[in-house]
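This report refers to the structure that appears directly beneath it.
The figures that follow rest on heavy atoms only: side chains count, while hydrogens, waters and symmetry mates do not. Small disclaimer: the values here were computed from a predicted structure and weren't measured.
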Number of protein chains: 2
Amino acid sequence: MGSSKSLYFSEEQNRLAGLSKALSHPARIAILQYLVKNHTCMVGGLMESLPLSQSTISQHLKELRSIGIVRGEIEGSSVCYCIDEEKWKELTEALQGLIFDVNKTCCP
Amino acid sequence: MGSSKSLYFSEEQNRLAGLSKALSHPARIAILQYLVKNHTCMVGGLMESLPLSQSTISQHLKELRSIGIVRGEIEGSSVCYCIDEEKWKELTEALQGLIFDVNKTCCP
DNA sequence: TCGTTTTATCGCAATATTACGATTTAATAT
DNA sequence: ATATTAAATCGTAATATTGCGATAAAACGA
C-alpha cells in the first residue's frame with residue numbers, strides 16, 4: 001500500500017489537497033515569497049537565497065509548475081519565473097472557502 | 001538524504017508548510033469538512049463516510065491533532081472530535097497572509 | 001468478571017518525497 | 001567550432017507517508 005486513494009475522494013477534496021501539498025514544504029513557501037518580493041525571478045537568485053542545491057530548487061519549481069501556480073518563461077539563456085495569477089486565484093479561492101466554512105461553523 | 005531541511009527555513013515558513021502538509025491529503029480535507037458539517041463527531045461516523053479503514057482514519061486524525069487544529073475529548077467509550085477554533089484561526093491567518101501578499105503583488 | 005464497543009498503536013509493505021551530484025540540454029558569447 | 005552559462009533531468013540514497021490487519025487499551029454493560 002502507500003498509494004493515496006485519490007479516486008475515492010471528490011474533485012474538490014483532491015484539488016484542495018493538491019494545492020496544500022504544493023505548499024507543504026518550507027522551500028516552496030520560500031520560493032513563493034521570493035517571487036512575491038521580486039515579482040519575477042531567475043533561478044540564480046533563488047540559489048543564493050535558499051540553502052539548497054540547484055537541482056533541488058529546480059525540482060521544487062517543477063512541483064509548483066505542475067499544479068500551475070508558477071510559470072516559467074525562457075528569457076535568453078535563463079528562465080524567468082512568476083506566479084500565475086489566474087491559477088493562484090482559482091486554487092486559493094477553494095482553500096479560502098474551506099477556511100471560511102470552518103470559521104463560520106466553529107466561531108460564530 | 002530525503003530529510004527536509006526545516007532548520008534552514010524561518011519559523012513562519014515552517015508553520016505555513018506544516019499547516020499545508022496537514023491539509024495535503026484528501027482524507028484529511030474530508031475529515032475537516034465532516035467536522036464542519038457535523039460540528040463534532042465520533043470516529044464511527046467518519047468510518048462510514050470515508051473509504052478507509054479504522055486504523056488509517058485514526059492515523060489521519062492523529063496528524064490533524066498533532067498540529068493542533070483538531071482536538072478529541074473522551075466521551076464515554078468514544079472520542080468526540082472537533083476543530084480547535086483558536087489554533088485553526090492562528091494557523092490559517094498565516095496562510096491567508098500569504099494568499100493576500102501574492103494577490104496584492106501579482107494582481108493589483 | 002467477561003464480553004462488547006470504540007479508538008489507538010504496532011508492525012509491515014508499498015509508494016512518495018527530498019536531496020544531491022553528475023549529466024544533459026539549450027542558448028549565448030568568444 | 002568551442003567554451004560558458006543557466007536550468008532541467010537522471011540516477012540514487014535516505015527518509016516520510018499511506019494503508020491495512022492485528023493487537024492493545026480503555027470504558028461500558030450484562
Using the ring-ring contact (aromatic ring centres under 6.0 Å, His included) rule, collect all pairs that involve residues 65-84 of chain B, keeping only residues at least two apart or in two chains. none
Which residues pass the salt bridge (charged side-chain N to carboxylate O under 4.0 Å, His left out) test with B:Glu73, sequence neighbours left out? B:Arg71
Please check the phosphate of C:dT17 (OP1 and OP2 only) for any side-chain N or O of A:Lys21 closer than 4.0 Å. yes
May I ask you to verify if any side-chain N or O of A:His25 is less than 4.0 angstrom from the OP1 or OP2 atom of C:dA19? yes
Phosphate-side-chain proximity, A:Ser78 and D:dA6, N/O vs OP1/OP2 below 4.0 Å: no
Residues which pass salt bridge (charged side-chain N to carboxylate O under 4.0 Å, His left out) with B:Glu90, listed by chain and number, not counting sequence neighbours: B:Lys87
Under-3.5 Å N/O pairs linking protein and nucleotides 21-25 of chain D:
{"unit_1": "D:dG21", "atom_1": "N7", "unit_2": "B:Ser55", "atom_2": "OG", "d": "3.3"}
{"unit_1": "D:dG21", "atom_1": "O6", "unit_2": "B:Ser55", "atom_2": "OG", "d": "3.2"}

Using only side-chain N and O atoms of A:His60, determine if any of them is under 4.0 Å from OP1 or OP2 of C:dT17. no
Specify the separation, in whole Å, of atom CG of A:Leu61 and atom C1' of C:dT18. 15 Å
Nucleotide nearest A:Arg65 when distance is taken to its side chain, options C:dT9, D:dC20, D:dA8: D:dA8
Does B:Gln59 have any side-chain hydrogen bond (donor to acceptor under 3.5 Å, both in side chains) partners at least two apart in sequence or in another chain, and if so, which? none
When you measure from every atom of DNA chain C, which of residues 69-77 of chain B have a heavy atom less than 4.0 Å away? B:Ser77
Which comes earlier along DNA chain D counting from the 5' end, the contact point of A:Ile57 or that of B:Ala27, where each point is its nearest nucleotide? A:Ile57
Quick one, B:Leu32 and B:Leu23 - any side-chain contact, counting heavy atoms below 4.5 Å? yes
